[in-house]
Amino acid sequence: MPIQTSITTVAQAPADAALLAVPFGEDLAPRVELPVPVTPLLEHYQAKGEAGEIVEVPVVRGDAVGRVLLYGVGDGSAAALRKAGAAVARRAKGRDALSVVLPDGARAAFVEGALLAAYTFRIGENGSGAVAAIEFAGEDAEAEVARGRAIAGAVALARDLANTPSSEKNPEWLAERALEQLAEDGPQGRTSARVWDEDALRSGGFGGILAVGQGSVSPPRLIQLSYEPADAPERRARGERIEHYVLVGKGITYDTGGLSLKPTENMKFMKTDMAGGAVVIAVLGALAGLGAPVRVTGLIAAAENSFSGSAQRPGDVITQYGGRTVEVLNTDAEGRLVMADALAYADAELDPDLMVDIATLTGAIGIALGKGLGALFASDDGLAASLDEAGEASGERLWRMPLIDDYVPALESAVADLANIEAGSAYGAGSITAALFLREFTGGRPWAHLDIAGVGRSTADEGLLTKGATGFGVRLLLEWLTGRPGR
Ligand code: BES
Ligand code: MN
Ligand code: ZN
């Protein structure tokens with residue numbers, strides 16, 4: 001569900017708030033005056049001022065008892081304030097209203113953390129359990145609160161899309177949700193869309209998307225969302241060339257594995273196999289409000305990888321967009337087939353300056369990097385560095401993985417240009433060979449691939465994350481695209 005907590009911003013927190021959160025630092029001094037001796041109290045509780053730490057103090061409020069939540073702000077960095085915001089929101093769970101005295105510094109990060117921790121996804125129950133209303137108090141805080149809210153809202157959308165069960169979510173549904181993101185022009189730009197249905201995919205030559213989708217009663221879609229900054233016409237008139245970035249997301253609305261069927265233990269999480277596509281939809285949906293200096297086109301390759309009599313078979317040979325043939329040795333390596341079409345289309349038709357794809361591509365990456373780091377593969381060091389930096393700044397960290405040329409022969413096929421997986425086991429490195437497969441379709445353009453199979457889903461409600469889809473990639477890509485204006 002979209003963020004249900006209502007948000008207001010005021011200059012000064014009301015002194016009589018029933019639930020008031022107030023920051024304190026390592027000096028154990030609260031940042032606003034309170035009618036209780038706070039420092040001795042914090043000392044008594046052996047508080048350290050760390051981010052995430054909360055000391056709850058009952059205070060007199062007329063005839064009733066109110067509460068002050070003293071929250072630590074650590075080093076005041078964006079990461080610390082995100083964590084502090086999440087802790088405060090979690091402590092206010094179930095309450096009607098919370099007033100928060102914003103910390104100094106990265107106030108947008110604090111708001112983002114609070115709203116993401118308050119996210120919930122439930123079907124068939126009213127009320128989310130999250131605090132119903134938050135009032136953020138700080139001088140001139142409107143813009144930062146708005147940015148934090150916009151970013152958290154985009155993450156919540158990505159989580160909602162990925163958390164939606166596949167009984168409701170198919171490629172057509174995903175395309176409808178994507179189109180909803182275009183409702184109106186934002187202050188910073190405008191977004192437009194195009195959707196290929198099955199017939200259009202066939203006449204367009206999108207053989208990978210069609211092959212993966214052919215086993216399902218719900219036909220596949222390719223979804224394109226395009227953002228252009230508001231000042232693009234003037235910049236063009238001045239003779240300026242506006243850079244064009246393409247984002248490609250994996251949109252497998254359910255991954256049974258196809259005829260190379262997954263065991264139930266692995267299959268039961270596969271409604272989130274469109275998490276990369278959800279991130280691309282959410283990012284494109286947020287750009288018109290947040291503004292980016294470049295043009296951005298999002299492509300979501302959507303299909304359901306079903307098990308049926310019309311499904312593709314191991315051993316089939318398909319023709320990807322652009323004419324390359326691929327021997328499908330394992331129908332469960334379907335993500336790369338749909339992604340290859342979208343990348344090849346972008347290369348051939350959209351003339352991008354660079355391409356970034358995001359996909360829950362390989363289970364192996366979760367083994368390599370765990371649930372805390374996304375994988376970054378890149379053909380270009382500058383692009384890798386800028387994404388890595390955005391990862392650090394946004395709190396969605398990446399770890400660069402190698403594209404080892406020695407492993408390219410792993411994807412040789414006797415009957416086609418490429419195989420979709422290694423036929424034997426001489427090379428291993430399933431995440432790397434998957435990335436190398438995608439690279440074949442990038443036309444040598446600067447390209448980065450984000451494998452989010454490990455970080456796309458959380459097993460616990462903790463910090464900024466909630467159990468289920470994480471929306472990993474939204475904060476990273478919005479930071480990368482909008483975080484440093486004028487870049
Ligand atoms: N969607 C899966 C990858 C995945 C696994 C995502 C676990 C999230 C959690 C992907 O389509 C897949 O099935 N990959 C195979 C590749 C193999 C057949 C080469 C895998 O990882 O097992
Ligand atoms: Mn699969
Ligand atoms: Zn998959």
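Excluded from the calculations below are hydrogen atoms, water molecules and symmetry mates; all remaining heavy atoms, backbone and side chain alike, are included. One-based numbering, in listed order, for ligands and for the atoms of each. Residues: numbered from 1 along the sequence shown. Values in this document were obtained by computation on a predicted structure and should not be read as measured data.
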Does the ring center of W196 lie less than 6.0 Å from the ring center of Y345?
yes
Aromatic centroids of F377 and W399 separated by under 6.0 Å:
no
Verify the distance criterion only: is there a donor paired with an acceptor across the side chains of D380 and W447 at less than 3.5 Å?
no
Quick one: table the atom pairs, ligand 1 N or O against protein N or O, below 3.5 Å, distance rounded to 0.1 Å.
unit_1   : atom_1 : unit_2 : atom_2 : d
ligand 1 : 1 (N)  : K250   : NZ     : 3.3
ligand 1 : 1 (N)  : D255   : OD2    : 3.2
ligand 1 : 1 (N)  : D273   : OD1    : 2.8
ligand 1 : 1 (N)  : D273   : OD2    : 3.0
ligand 1 : 1 (N)  : T360   : O      : 3.4
ligand 1 : 11 (O) : K250   : NZ     : 3.1
ligand 1 : 11 (O) : D255   : OD2    : 2.9
ligand 1 : 11 (O) : D332   : O      : 3.1
ligand 1 : 11 (O) : E334   : OE1    : 2.8
ligand 1 : 11 (O) : E334   : OE2    : 3.0
ligand 1 : 13 (O) : K262   : NZ     : 2.8
ligand 1 : 13 (O) : D332   : O      : 3.0
ligand 1 : 13 (O) : D332   : OD1    : 2.7
ligand 1 : 13 (O) : D332   : OD2    : 3.2
ligand 1 : 14 (N) : L361   : O      : 3.4
ligand 1 : 21 (O) : G363   : N      : 2.7

Check: Q181 and L157 side chains under 4.5 Å, non-hydrogen atoms
yes
Please check if any side-chain donor atom of N330 sits under 3.5 Å from a side-chain acceptor atom of S260, or the reverse.
yes
Would you check if there is a donor-acceptor pair between the side chains of S306 and S308 at a distance under 3.5 Å?
no
Modelled atom types, side-chain donor and acceptor of T482 and R147, under 3.5 Å:
yes
Quick one: name the protein N/O/S atoms under 2.8 Å from the Zn ion (ligand 3), chain by chain.
K250 NZ, D255 OD2, D273 OD2, E334 OE2
Regarding N170 and E304, do their side chains bring together a donor and an acceptor under 3.5 Å, going by distance alone?
no
Is a donor from one side chain sitting under 3.5 angstrom from an acceptor on the other, for D353 and H244?
no
Tightest non-hydrogen contact, residues P314 and L259, listed as CD-CB, 4.1 Å
Would the number of heavy atoms belonging to other residues, nucleotides or ligands and lying under 6.0 Å from NZ of K271 be above 12?
yes
Will you find, in the side chains of Y119 and N163, an N or O donor that is under 3.5 Å from an N or O acceptor?
yes
The Mn ion (ligand 2) neighbourhood, protein N/O/S only, threshold under 2.8 Å
D255 OD2, D332 O, D332 OD1, E334 OE1
Listed partners of A434 passing side-chain contact (heavy atoms from CB on, under 4.5 Å), at least two apart
R336, L361, T362
